[in-house]
Amino acid sequence: MSEAPTAWQTSACILCSQNCGIKVQLDEQQTEIVRIKGDDDHPISQGYLCNKASRLNYYQNRADRLLSPMRRNASGGYDAVDWDTALGEIAAKLEAVKNDFGGDKIFFYGGGGQGNHLGGGYSRTVIQPLGVRYRSNALAQEKTGEFWVADRMLGGWNHGDFEHAQVVIFLGKNPWQSHGISRARATLRDIAKNPDRTLIVIDPKRTQTADLADIHLAVRPARDAWLLAGMIATLVQEDRINHAWIAEHAEGLVSVSETFIEVDVTDCAEKSGIDEAVIRSTARLIADAESVALLEDLGIQMNRHSTLVSYLQRLLWLLTGHFGRPGTHFLPLTLANLAGGKETGVSPVLGSRLINGLVPCNDVATEVLADHPNRYRAMIIDSGNPVHSLAESSLWRKAMRHLDVSVCIDVAMTETALQADYVLPATSQYEKAEATFFSAEFPDNMFHLRKPLFQAPEGPLDEAEIYWRLAQALDLVPEGIVEELMAVLDAEGRDGFRDHVFRQLAAEPALGAIGPGLLYRTLGQTLPEGMQNGAALWALCHSFAATHRTAVEQAGFSGEGMALGEALFDGIISSPSGMIYARENYDQMWQRLPGGRVNLDLPELLEVAATLNEQEPQETSADFPFLLAAGERRDFTANTIIRNPAWSRKDQSGALHIHPDDAARLNLGEGSSAKITTEAGAMPALVSLNDRMQRGFISLPNGMGLTYPDEYGVQQQTGTSPNELTVSSQKDAFVGTPWHKSVPARVEAVD
Ligand SMILES: Nc1nc2c(c(=O)[nH]1)N[C@H]1C(S)=C(S)[C@@H](COP(=O)(O)OP(=O)(O)OC[C@H]3O[C@@H](n4cnc5c(=O)[nH]c(N)nc54)[C@H](O)[C@@H]3O)O[C@H]1N2
Ligand SMILES: Nc1nc2c(c(=O)[nH]1)N[C@H]1C(S)=C(S)[C@@H](COP(=O)(O)OP(=O)(O)OC[C@H]3O[C@@H](n4cnc5c(=O)[nH]c(N)nc54)[C@H](O)[C@@H]3O)O[C@H]1N2
Ligand code: SF4
Ligand SMILES: [Mo]
């Protein structure tokens with residue numbers, strides 16, 4: 001490894017949605033990352049990194065790298081096949097499903113992870129022409145409830161101004177470990193240090209974030225709805241509502257007041273486990289604050305009443321006027337909107353609500369296995385590991401084997417790949433230009449197209465190339481089209497190319513369906529070395545510049561007509577550390593709200609809120625006396641992005657956290673082995689005593705239980721796979737998000 005390192009190159013960390021800018025040095029062979037530091041020129045992270053980034057070489061260099069297309073054989077093993085064979089057979093099988101049952105029986109899952117969203121864009125090259133209608137990704141097991149609520153209240157998903165808010169609230173969120181806000185640890189320390197600012201953490205566990213908090217509301221697991229309802233009832237009953245702000249900016253106060261005037265705060269206190277006086281004083285603090293910013297995450301999104309809680313937390317700061325000015329909340333102006341909250345129909349078997357086209361993840365396997373004419377019969381999975389990461393792994397394994405044909409596109413032979421008929425090897429996120437659409441900032445919005453750091457090995461292909469070749473195998477590509485467009489590019493440059501493409505699209509709209517792949521194969525060839533995968537952004541830049549001209553100009557770009565989109569694209573291609581593509585002020589943001597106003601009234605959720613006092617929640621039973629938080633973010637977890645357990649500097653097998661009193665009762669000592677049993681099955685886990693846990697509340701980390709070859713090439717599994725313990729049917733009533741954070745469970749000592 002450590003020979004003379006090469007010059008510093010610029011990229012980004014791919015281990016969480018923050019995508020902090022990094023500078024790296026490679027070894028002389030240009031195959032290993034030997035040094036990593038923060039990139040001071042990155043507009044948002046500004047040199048910041050957390051503890052995980054230094055381990056990125058474990059993603060790039062791995063013993064389980066997939067180097068050839070694989071085809072499942074009769075005995076369940078896999079044989080290497082060449083690309084033409086694999087894609088030819090896949091095309092024939094997908095076509096058969098389309099012809100016999102309809103393209104809407106082909107399901108698409110994934111399309112991107114924490115660091116790669118461009119591949120998913122190129123998937124359209126085949127899924128549109130095939131007539132794929134149903135799709136999903138990890139957002140539909142965490143954020144769709146929030147998106148649905150935010151869309152109906154604000155016309156879009158909001159984020160908070162945590163750097164400036166006087167009062168900052170984290171609800172079911174541990175940003176010290178999981179980030180989700182820029183430069184999280186620095187920002188948290190700033191808030192904690194400043195006596196004029198207040199940090200409130202709502203979490204049953206005393207997390208590292210809670211250690212820094214002024215107020216830690218250690219709510220009973222799964223009881224946030226009562227806590228928040230109690231706070232809102234306080235605001236309504238003590239008339240601490242900001243009436244002037246609401247008159248100016250919001251609709252629907254009457255229905256909200258009518259509901260919460262009736263809510264019994266004492267009962268809310270009992271059920272949530274938070275003292276009534278504390279509920280009331282916290283509500284008053286929010287009402288009196290200069291500015292409040294709140295962030296919700298998995299602690300409530302993967303829990304009972306999750307969609308209701310997403311609504312209640314918004315009421316809390318909207319009733320008190322904390323939106324649309326500095327230090328509060330805003331709607332980011334994203335280049336491509338991942339957070340759409342519109343209802344777009346229902347799923348074909350269970351009739352579940354689709355949000356932004358996404359089928360609830362908890363329903364997908366069920367809809368494959370159903371005895372129903374509309375069941376899914378084929379699946380393409382790209383950059384996702386649903387067998388491991390979605391509820392009820394055993395059901396997913398069954399579903400995968402039940403499909404007529406399944407294709408998995410990944411860099412490794414994952415738990416999902418091991419159930420697929422075909423596995424196609426992708427280039428890694430550091431072998432092609434990549435980017436995400438996660439950035440959620442205000443007033444500046446930033447985008448970062450990373451240059452590749454490494455030459456790809458022989459075998460894997462960019463997703464764009466995979467989809468293009470599959471489109472060819474499906475006979476979707478008109479003869480000579482690439483040559484024709486290349487000739488135009490050669491002769492007339494991008495301007496002539498653009499006019500030509502638009503003329504052709506008008507004459508032959510079907511061409512638009514293979515558009516992303518076509519751009520990759522034509523325009524992509526003319527981009528600076530290594531940037532080919534950025535080609536599809538060209539179309540996106542044009543549509544964004546056309547819709548948000550002022551915001552793009554305010555970010556410093558200029559150009560008449562279509563020249564603005566070209567300037568934006570040039571900016572993206574030539575900004576190795578990322579760049580600001582849009583800038584807005586708060587007045588302009590307000591104009592993006594429907595009618596320029598906030599809507600407080602979501603009747604079906606108010607209806608549930610009105611029943612909270614009558615409900616007698618009982619999550620545990622004699623059989624399952626614990627609540628298991630299945631999938632907690634810790635120092636060295638990063639979903640399943642890094643599979644080699646050696647990447648973790650501590651707690652490699654991801655211990656079960658349990659309160660010392662519970663452990664003593666069960667004869668469990670530090671480092672002992674336990675058996676965890678749920679409705680889904682039983683799994684072993686290593687025990688760690690942890691007085692940060694409430695009694696009766698246990699937790700396991702996410703992303704564990706992955707297999708990885710040891711030095712002899714034998715697959716070894718490390719840690720407990722959380723979704724062997726979860727079931728699909730435990731999910732939210734509105735959008736089907738899972739109840740992973742409160743799985744009824746039993747714990748026993750094993751010898
Ligand atoms: N280190 C690391 N960081 C990551 C990731 C990773 O794998 N590892 N993954 C990234 C991804 S994909 C995501 S979505 C985010 C998720 O980020 P977070 O949502 O912050 O992560 P979690 O640790 O799963 O859950 C947050 C908290 O919810 C609490 N909680 C559990 N039950 C309840 C409850 O009933 N009520 C309340 N109020 N809280 C409860 C837990 O104690 C925990 O502290 O993290 C991202 N960042
Ligand atoms: N019980 C429980 N389950 C959970 C959670 C929990 O808290 N509890 N957390 C959930 C959450 S919030 C999330 S976001 C999901 C995340 O889980 P997944 O959706 O499975 O996502 P990742 O682990 O990020 O990575 C998905 C796959 O992308 C592959 N990959 C990496 N780079 C590339 C590339 O360049 N191209 C391609 N084609 N593939 C690539 C990786 O090898 C991996 O197999 O897990 C969820 N599962
Ligand atoms: S916060 Fe940490 S894990 Fe997330 S992108 Fe930044 S360095 Fe990577
Ligand atoms: Mo996530």
Side-chain angles (χ1 to χ4, degrees), residues 14-18 50-52 59 64 66 109-116 118-120 137-139 141-143 170-180 201-210 217-224 227 295-304 309 361 381-391 408-412 414-417 424-432 434 460 462-463 466 627 629-643 657 692-693 697 699-703 706 721-723 725-726 738 740-743:
I14 56 160
L15 297 178
C16 88
S17 62
Q18 287 312 115
C50 80
N51 63 303
K52 295 187 288 302
Y59 165 78
D64 62 351
L66 197 57
Y109 184 82
Q114 301 295 299
N116 58 321
L118 297 184
N137 61 44
L139 291 169
Q141 50 92 60
E142 49 176 327
K143 304 272 178 291
F170 294 110
L171 171 63
K173 172 82 198 167
N174 180 13
W176 185 268
Q177 291 299 17
S178 68
H179 288 74
V201 171
I202 304 176
D203 196 312
K205 186 176 188 178
R206 200 179 74 249
T207 60
Q208 296 88 338
T209 310
L217 303 179
V219 63
R220 280 178 70 172
R223 300 289 179 85
D224 298 79
L227 171 60
L295 189 65
E296 64 163 83
D297 213 340
L298 303 185
I300 65 104
Q301 290 174 348
M302 291 184 168
N303 222 326
R304 292 146 207 267
V309 174
C361 291
I381 299 166
D382 178 354
S383 202
N385 188 357
V387 169
H388 175 274
S389 303
L390 301 186
C408 178
I409 304 172
D410 207 297
V411 295
T414 66
E415 290 67 24
T416 303
L424 303 178
T427 49
S428 86
Q429 296 179 44
Y430 292 125
E431 292 161 358
K432 61 201 166 212
E434 256 299 358
D462 293 357
E463 289 82 352
I466 296 174
L627 284 184
E632 176 181 77
R633 272 67 189 162
R634 294 192 187 161
D635 280 312
F636 288 97
T637 65
N639 294 345
T640 68
I641 303 164
I642 299 181
R643 299 178 61 87
H657 286 180
R692 293 168 174 276
M693 300 302 292
F697 184 48
S699 91
L700 280 173
N702 72 310
L706 304 176
S721 196
N723 290 308
L725 293 169
T726 60
H740 287 333
K741 301 299 181 193
S742 58
V743 181

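Note that the structure is a prediction, hence the values are computed from the model and not measured. Whatever order the structure lists them in is the order used to number ligands and atoms, beginning at 1.
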Evaluation steps, side-chain contact (heavy atoms from CB on, under 4.5 Å), between Asn702 and Leu298: CA-CA 12 Å; Asn702 72 310; Leu298 303 185; over 6 Å; no
Residues Asp203, Thr209; criterion side-chain contact (heavy atoms from CB on, under 4.5 Å); working and verdict: CA-CA 10 Å; Asp203 196 312; Thr209 310; over 6 Å; no
Please could you name the atoms of ligand 2 that [X] approaches to less than 4.0 Å, counting only its heavy atoms?
| X | value |
| --- | --- |
| Tyr59 | 31 (C), 32 (N), 33 (C), 35 (O) |
| Thr414 | 44 (O) |
| Pro722 | 1 (N) |

Between Ser699 and Arg692: side-chain donor-acceptor atoms closer than 3.5 Å: no
side-chain hydrogen bond (donor to acceptor under 3.5 Å, both in side chains), paired with Gln301, selected from Lys173, Glu142, Glu296: Glu296
Distance (rounded to the nearest 0.5 Å) between Phe170 CZ and Ser178 OG: 9.0 Å
Lys/Arg-Asp/Glu bridge criterion (N-O < 4.0 Å) met for Lys432, Asp462: no
All salt bridge (Lys or Arg N to Asp or Glu O under 4.0 Å) counterparts of Lys205, not counting sequence neighbours: Glu632
Between ligand 1 and the protein, which N/O pairs are shorter than 3.5 Å?
from     : atom 1 : to     : atom 2 : distance (Å)
ligand 1 : 1 (N)  : Lys52  : NZ     : 3.3
ligand 1 : 1 (N)  : Gln177 : O      : 3.2
ligand 1 : 1 (N)  : Arg634 : O      : 3.0
ligand 1 : 1 (N)  : Thr637 : O      : 3.1
ligand 1 : 3 (N)  : Gln177 : O      : 3.3
ligand 1 : 7 (O)  : Asn639 : N      : 2.9
ligand 1 : 7 (O)  : Asn639 : OD1    : 3.2
ligand 1 : 7 (O)  : Asn702 : ND2    : 3.0
ligand 1 : 8 (N)  : Thr637 : O      : 2.5
ligand 1 : 8 (N)  : Thr637 : OG1    : 2.8
ligand 1 : 9 (N)  : Arg633 : NE     : 3.1
ligand 1 : 9 (N)  : Asn639 : OD1    : 3.4
ligand 1 : 17 (O) : Lys173 : NZ     : 3.4
ligand 1 : 17 (O) : Ser178 : OG     : 3.1
ligand 1 : 17 (O) : Asp297 : OD2    : 3.4
ligand 1 : 19 (O) : Leu298 : N      : 2.9
ligand 1 : 20 (O) : Asn174 : N      : 2.9
ligand 1 : 20 (O) : Ser178 : OG     : 2.7
ligand 1 : 23 (O) : Arg633 : N      : 2.9
ligand 1 : 24 (O) : Gly631 : O      : 3.1
ligand 1 : 24 (O) : Arg633 : NH1    : 3.2
ligand 1 : 24 (O) : Lys741 : NZ     : 2.7
ligand 1 : 35 (O) : Ala222 : N      : 2.7
ligand 1 : 35 (O) : Asp224 : OD1    : 3.4
ligand 1 : 35 (O) : Asn303 : ND2    : 2.9
ligand 1 : 36 (N) : Asp224 : OD1    : 2.7
ligand 1 : 36 (N) : Asp224 : OD2    : 3.4
ligand 1 : 38 (N) : Gly172 : N      : 3.4
ligand 1 : 38 (N) : Ile202 : O      : 3.0
ligand 1 : 38 (N) : Asp224 : OD2    : 2.7
ligand 1 : 42 (O) : Asp203 : OD1    : 2.7
ligand 1 : 42 (O) : Asp203 : OD2    : 3.4
ligand 1 : 44 (O) : Asp203 : OD2    : 2.6
ligand 1 : 47 (N) : Ser178 : O      : 2.9

Does [X] reach ligand 2, in the sense of a heavy atom lying below 4.0 Å from it?
| X | value |
| --- | --- |
| Ala412 | no |
| Lys432 | yes |
| Thr427 | yes |

Ligand 2 contact on Asn116 by region, counting heavy-atom pairs under 4.0 Å: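 For Asn116, only side-chain atoms sit under 4.0 Å from ligand 2.
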His388, portion touching ligand 2 at heavy-atom distance under 4.0 Å: neither
Polar contact flag for Tyr109 and ligand 2 (N/O pairs, less than 3.5 Å): no
N or O pair under 3.5 Å between Asn723 and ligand 2: yes
Backbone N/O of [Y] and side chain of [X]: donor-acceptor pair under 3.5 Å:
| X | Y | result |
| --- | --- | --- |
| Thr416 | Val387 | yes |
| Asn51 | Asp635 | yes |
| Tyr59 | Gln429 | yes |

Where Ile641 and Ile14 come nearest, the two heavy atoms and their spacing: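 What the structure gives for the nearest pair is CD1-O, 3.5 Å.
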